[in-house]
Amino acid sequence: MPELPEVEVSRMGITPHIKNQVVTKVNIYNASMRWPVPDDVYQLEGLTVTNIERRAKYLLLHCELGSTILHLGMSGNLRVVDKSEPLKKHDHVEFVFANDKALRLNDPRRFGCCLWQEPGEVHKLLSKLGPEPLTDNFFAKRVYEQSRNKKVPVKQFIMDNAVVVGVGNIYANESLFKAGIHPKREAGKVSLKRYQALIPIIKDTLVAAITQGGTTLKDFAQSDGKPGYFAQELLVYGRKGKPCLTCDNELEEIRLGQRSTVFCSHCQK
């Protein structure tokens with residue numbers, strides 16, 4: 001599943017091609033996605049996309065009459081191509097622009113979405129989301145106070161979208177390792193001092209991934225562009241049974257919230 005850095009890089013990749021461009025045509029080839037694509041999306045036709053914003057793992061294409069909300073689901077991707085480029089299998093939604101470019105949402109498993117948000121309103125999918133991780137609204141004291149009396153493992157706590165958005169499985173694994181915090185430790189038993197160490201690490205880990213992903217931006221203007229997960233040097237995620245890069249002990253794997261959780265029992269307490 002694309003995580004926050006992948007979605008942010010998608011935003012960075014499509015923005016130069018579609019911002020301040022007029023939408024000349026909206027094509028819905030398959031409305032049967034996670035939720036049915038509403039006819040309201042056709043309101044984009046004839047209007048200018050004034051901005052492209054990311055909220056959690058949703059992308060919003062803003063115009064004067066409202067916003068189109070896009071989500072990549074489990075397997076989706078966005079491509080900017082010449083409008084004459086033949087469609088690919090699983091191209092479900094297309095926005096054609098006056099500059100002869102087209103933005104296409106391709107989603108083989110159809111767990112993504114294309115929805116509409118009225119101006120001045122916040123869609124119900126976005127209304128209860130926590131703060132963005134790279135903003136000043138995500139800080140240690142706030143997280144510490146939210147965590148009091150919480151018995152849930154700290155890994156699941158920091159992946160809760162009501163606490164903070166966009167800290168997906170890869171980045172939760174990596175951040176907890178860097179902070180030396182065991183993923184099963186109860187969130188309510190993590191001290192303020194340790195949250196003060198963890199929060200900047202989460203931010204730095206996400207920024208590093210976004211920066212690395214920036215090297216794939218050229219893919220968004222190619223017909224076969226599928227940015228997906230970009231190459232990263234991961235310390236624990238996907239390294240079950242391999243030596244810890246800090247102490248050489250064998251990395252262990254457990255399941256938390258049905259997600260792979262890799263850690264070093266020597267380095268993380």
Side-chain angles (χ1 to χ4, degrees), residues 1-7 34 54-58 71 73-74 111 122-209 232 234-242 244-247 249-269:
M1 176 185 292
E3 296 200 32
L4 184 145
E6 286 78 24
V7 179
R34 186 173 184 182
R54 180 190 55 74
R55 181 70 175 105
K57 293 195 287 187
Y58 296 92
H71 193 286
M74 298 287 288
F111 286 147
V122 177
H123 195 281
K124 62 182 180 181
L125 290 174
L126 310 180
S127 63
K128 295 182 179 180
L129 293 174
E132 289 287 329
L134 302 182
T135 66
D136 291 341
N137 288 329
F138 179 51
F139 56 94
K141 192 170 187 297
R142 174 179 181 154
V143 176
Y144 172 77
E145 291 174 350
Q146 287 177 298
S147 70
R148 294 308 85 191
N149 300 317
K150 291 288 191 339
K151 296 186 181 298
V152 64
V154 65
K155 177 171 178 271
Q156 290 172 265
F157 179 71
I158 63 173
M159 291 179 65
D160 183 346
N161 277 337
V163 175
V164 59
V165 300
V167 182
N169 196 41
I170 292 176
Y171 306 106
N173 275 282
E174 294 292 297
S175 298
L176 288 169
F177 174 74
K178 293 174 188 176
I181 300 174
H182 196 291
K184 283 186 71 175
R185 177 175 285 277
E186 291 181 12
K189 292 184 177 179
V190 176
S191 68
L192 175 59
K193 183 176 181 180
R194 299 193 86 185
Y195 278 121
Q196 287 172 333
L198 176 61
I199 302 312
I201 287 172
I202 291 174
K203 292 174 183 268
D204 290 346
T205 300
L206 291 171
V207 167
Q232 299 181 60
L234 300 174
L235 302 177
V236 290
Y237 184 82
R239 299 190 67 245
K240 170 193 173 183
K242 295 183 179 180
C244 172
L245 297 175
T246 299
C247 73
N249 280 12
E250 185 176 306
L251 295 176
E252 303 173 35
E253 182 182 37
I254 57 174
R255 307 293 288 187
L256 286 177
Q258 301 182 349
R259 306 297 296 276
S260 169
T261 302
V262 184
F263 63 98
C264 175
S265 58
H266 179 264
C267 294
Q268 294 172 257
K269 304 296 183 182

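Taking every heavy atom of both residues into account, Leu129 and Ala56 meet most closely at CD1-CB, 3.8 Å. Annotation for Leu256 and Pro183: closest pair CD1-O, 3.7 Å, computed over non-hydrogen atoms. The two residues Lys57 and His71 make their nearest non-hydrogen contact at O-CD2, 3.4 Å. In this structure, Val163 and Pro131 approach most closely via the heavy-atom pair O-CD, 3.2 Å. When all heavy atoms of Lys203 and Thr135 are compared, the closest pair comes out as NZ-O, 2.7 Å.
Val152 is not listed as a side-chain neighbour of Asp160, based on a closest heavy-atom distance of 4.5 Å or more. Contact annotation: the side chain of Glu3 approaches that of Asn169 to within less than 4.5 Å [non-hydrogen atoms, C-beta and beyond]. Looking only at side-chain heavy atoms (C-beta outward), Leu4 and Val167 stay at 4.5 Å or farther from each other. In this structure, the side chains of Arg239 and Leu245 come closer than 4.5 Å at one or more pairs of heavy atoms. Between Val190 and Ser147 the shortest side-chain heavy-atom distance does not fall below 4.5 Å. At least one side-chain heavy atom of Ser175 sits under 4.5 Å from a side-chain heavy atom of Leu198. Taking 4.5 Å as the limit, every side-chain heavy atom of Val143 sits out of range of all side-chain heavy atoms of Val164. With contacts defined as side-chain heavy-atom distances shorter than 4.5 Å, the pair Arg55/Val165 qualifies.
A distance-only check finds no donor-acceptor pair linking the side chain of Asn249 to the backbone of Ser265 [under 3.5 Å]. In terms of modelled atom types and a separation under 3.5 Å, the side chain of Lys150 and the main chain of Gln146 share a donor-acceptor contact. Side chain of Glu250 to backbone of Cys244: no donor-acceptor contact under 3.5 angstrom is found. Remark: the backbone N or O of Lys155 is not paired with any side-chain donor or acceptor of Lys184 at under 3.5 angstrom.
For the atom pair Ser260 OG and Ile170 CD1, the distance stands at 10.0 Å (nearest 0.5 Å). Here CD of Glu186 is found 12.5 Å from CZ of Phe157. Values are rounded to the nearest 0.5 Å. The distance from atom CG of Leu134 to atom CG of Asp204, rounded to the nearest 0.5 Å, is 9.5 Å. For the atom pair OH (Tyr58) and CG (Leu126), the distance works out to 6.5 Å, reported to the nearest 0.5 Å. Distance check: Ile181 CD1 to Ile158 CD1 gives 8.0 Å after rounding to the nearest 0.5 Å.
With sequence neighbours excluded, the residues that form a side chain to side chain contact (heavy atoms under 4.5 Å, CB included) with Ser191 are Lys193, Arg194.
Among residue pairs with one or both ends in residues 175-199, those qualifying as ring-ring contact (aromatic ring centres under 6.0 Å, His included) are His182-Phe263; sequence neighbours excluded. Within the structure, no pair that satisfies the salt bridge (Lys or Arg N to Asp or Glu O under 4.0 Å) test touches residues 255-269, not counting sequence neighbours.
No side-chain donor from either of Glu174 and Thr205 sits under 3.5 Å from a side-chain acceptor of the other.
For the pair Arg142 and Phe138, the cation-pi test (distance below 6.0 Å, angle within 45°) is failed.
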